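Here is the structure we will look at, set down as structure tokens.
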Amino acid sequence: MVRYLTRVLIVCGVLWSPSIWAADKPKTRTDSLAVEAPAAEFDLKTNLLYDATTSIALGLEYGWGKRLSFDISGSYNPWTFSGGRKWKHWMVQPELRIWTKERQLGHFFGIHALGGVYNLNRMYLPFRTFPETNSYRHEGWGVGAGVAYGYRWNFSERWGMEGEIGFGYIYAHYDRFCPVVCGERLSSGVKHYIGPTKIALNLIYRFGAKRRKQSRIARGEVGFISRPVRRGLRDTLYIRDTIVVRDTIERSVSQPTAVRNEKLTLHLQYSVGSSVPLQNSENQAELAALSRFVERMRRDTTIVIHDIRIIGYCSIEGTAAYNNKLSYERAQGVADYFMQRYPQLSELLHVEGRGEDWDGLLVALSKVPNLAERTYIEYIVRNVGVYEGRERMLMELSGGVPYRRLMVEVFPQLRRIECSIDYTIRE
């Protein structure tokens, strides 16, 4: 048994080495600022499914790079129940995880190993692992490996939950005994098992959430999804958890003086959750206004256009991550329409998705007459973080009455696309 466990630990040590995953090292994109890997952190977790079987199930996950993490979980059951029933065991299960987008969020695939010892008597086990445990006691050890798929939900910066299922192979050695009274070994054998090797519903608490939040802010990921935005001599990043924070970096780029800006706001209509504008007269009128806006500036021979930005905003209902994605996709849809009509201007075009428009919400609040709890709403928006329950507090305020009014009178104004053009006048 020691020989097999040693092999398992050696494999896990090789998988643990970050040097074999050079692709996850920080990269610098030519069209953006330098992107650093997220801050490292630890997750403490417990498997609720194993807990329900009276086993003690704990796990620890360590993340590094942008899309890799290492998880090690274990379970222990020392109990003997009435009638000699028991499923005493200890098991350790290390796993390397590869996340499809961002580490410790959304979909992931895993490669895991396992090893442990067991003592089973008068128990029915699923998948016919040991079908004779009702008649005989089995005691032994096993090792194995498998692959898994899972999905993780983060409720806040610290709390989350994940579900996972894995399939693989287990080699188990056992001794068969008489149940309870008779302690004589009757036989020995080997069991080769192929089937589910991991089933988990983990409740998670994250350590290092503050460092992750600071790292995301430093990388400019909290507020929106975008390409770089040139504004005079500066790149501007918008940070979500404060209302308006601008972090600027000076650029030694030669630009004409007296840069001016004009904007056009479009209120397009979409199906819920869709990024494709509805085919109706209202949207056609909005897109026609965009064409007139661009044509007027193109035909003015005194104007030199330097930068065009299509910027998407969402209202605040729903998750911040989903709204970031949706605002970008809706802005990209308008950008595609723009490039079809003006391909010669495509090199100047930048697309941004700024997600939930909390700044716009604060501005709009002052224009809503006789709004109940206005002061408390402003206090929550200014002082409670997006990932700390800001929207939930707004929804629960005064039984949800102010929030429902905002959904009707304010939220439609926040769902918009802005076309912003920077230009100079020829001398």
Side-chain angles (χ1 to χ4, degrees), residues 1-18 20-21 24 43 45-53 55-63 67-77 87-100 103-104 106-120 123-133 138-152 161-175 188-204:
M1 174 181 177
V2 173
R3 182 172 69 256
Y4 285 105
L5 291 178
T6 302
R7 293 177 181 176
V8 171
L9 293 176
I10 290 173
V11 172
C12 294
V14 172
L15 295 176
W16 172 260
S17 174
I20 67 172
W21 302 98
D24 257 358
D43 289 346
K45 58 184 70 177
T46 181
N47 188 339
L48 302 179
L49 300 181
Y50 287 8
D51 293 339
T53 67
S55 299
I56 301 170
L58 294 174
L60 191 67
E61 183 175 4
Y62 173 77
R67 294 198 299 162
L68 291 177
S69 65
F70 182 80
D71 177 273
I72 183 165
S73 60
S75 64
Y76 175 64
N77 191 311
W87 56 93
K88 292 184 177 182
H89 72 274
W90 64 260
M91 180 182 67
V92 178
Q93 200 165 33
E95 180 176 73
L96 176 73
R97 293 179 169 182
I98 304 173
W99 300 78
T100 59
R103 187 189 73 213
Q104 291 159 307
H107 303 275
F108 67 88
F109 296 93
I111 304 172
H112 61 261
L114 61 90
V117 299
Y118 57 89
N119 186 347
L120 307 174
M123 299 301 303
Y124 174 78
L125 299 179
F127 313 113
R128 298 187 61 82
T129 310
F130 283 101
E132 297 177 338
T133 55
H138 289 73
E139 184 174 347
W141 56 270
V143 294
V147 295
Y149 162 78
Y151 188 88
R152 171 162 170 168
M161 181 169 284
E162 67 185 16
E164 183 181 15
I165 185 168
F167 293 85
Y169 166 79
I170 297 177
Y171 173 92
H173 183 277
Y174 64 87
D175 294 319
S188 297
V190 171
K191 175 73 174 180
H192 298 278
Y193 166 79
I194 297 177
T197 51
K198 190 170 189 179
I199 300 177
L201 181 64
N202 292 321
L203 180 64
I204 304 167

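Computed from a predicted model, the values in this text were never measured in an experiment. Note: hydrogens, waters and symmetry copies are ignored here, and every other heavy atom, side chains too, is used.
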| field | Ring-ring centroid check Tyr76 His89, cutoff 6.0 Å | value | no
| task | Verify, without hydrogens or angle tests, whether Trp90 (side chain) and Gly74 (backbone) share a donor-acceptor contact under 3.5 angstrom. | result | no
| Rounded to the nearest 0.5 Å, how far does OH of Tyr174 lie from CH2 of Trp141? | 13.0 Å
| remark: One should read off an interatomic distance between Met161 CE and Leu203 CG, to the nearest 0.5 angstrom, of 5.0 Å
| Say you draw a straight line from CG of Leu96 to NE2 of His112; how long is it, rounded to the nearest 0.5 Å? | 12.0 Å
| request: Among residues two or more places apart or on two chains, list those pairs meeting salt bridge (charged side-chain N to carboxylate O under 4.0 Å, His left out) that have a residue in residues 108-119. | output: none
| field | Non-hydrogen side-chain atoms of Glu164 and Phe108 separated by less than 4.5 Å | value | yes
| field | Nearest-0.5 Å distance that lies between atom CD1 in Ile170 and atom CD1 in Ile194 | value | 10.5 Å
| field | Results of side chain to side chain donor-acceptor pair (under 3.5 Å) for Asn77 - residues two or more places apart only | value | Thr54, Ser55
Give the table of side-chain donor-acceptor pairs shorter than 3.5 Å for residues 143-151, with sequence neighbours excluded, one pair per line with atom names and distance.
unit_1, atom_1, unit_2, atom_2, d
Tyr149, OH, His107, ND1, 2.5

| request: For residues Leu60 and Asp71, determine if any side-chain heavy atom of one lies less than 4.5 Å from a side-chain heavy atom of the other. | output: no
| field | Closest non-hydrogen atom pair between Gly142 and Tyr118, with its separation | value | N-CE2, 4.4 Å
| query | Taking atom types as modelled and ignoring hydrogens, do the side chains of Trp99 and Ser69 form a donor-acceptor contact shorter than 3.5 angstrom? | reply | yes
| request: Can you see which heavy atom on Thr53 is nearest to which on Trp87, and at what distance? | output: O-CZ2, 2.8 Å
| field | Chi angles and distances behind the side-chain hydrogen bond (donor to acceptor under 3.5 Å, both in side chains) call for Ser188, His173 | value | CA-CA 8 Å; Ser188 297; His173 183 277; 5.1 Å; no
| message | Side chains of Tyr171 and His192 only: does a donor on one sit below 3.5 Å from an acceptor on the other? | response | no
| task | Return the set of residues passing side-chain contact (heavy atoms from CB on, under 4.5 Å) with Asp51 (not counting sequence neighbours), or none when no residue passes. | result | Thr46, Leu48, Ala57
| request: Check whether any side-chain N or O of Asn47 sits under 3.5 Å from a backbone N or O of Leu201 as a donor-acceptor pair, and report yes or no. | output: yes
| query | Residues in side chain to side chain donor-acceptor pair (under 3.5 Å) with Asp43, at least two apart? | reply | Gln104, Arg152
| query | Taking atom CG of Leu114 and atom CD of Gln93, what is their separation to the nearest 0.5 Å? | reply | 5.0 Å
| message | Test of understanding: with side chain to side chain donor-acceptor pair (under 3.5 Å), list the residues that count as partners of Glu162, not counting sequence neighbours. | response | Lys45, Arg97, Asn202
| Which heavy-atom pair separates Thr100 from Phe109 by the least distance, and what is that distance? | CG2-CE1, 3.9 Å
| said: Please evaluate residues Lys198 and Glu95 with respect to the criterion side-chain contact (heavy atoms from CB on, under 4.5 Å), reporting the C-alpha separation (whole Å), side-chain torsions for both, the decisive distance (0.1 Å), and the verdict. | reply: CA-CA 11 Å; Lys198 190 170 189 179; Glu95 180 176 73; 3.4 Å; yes
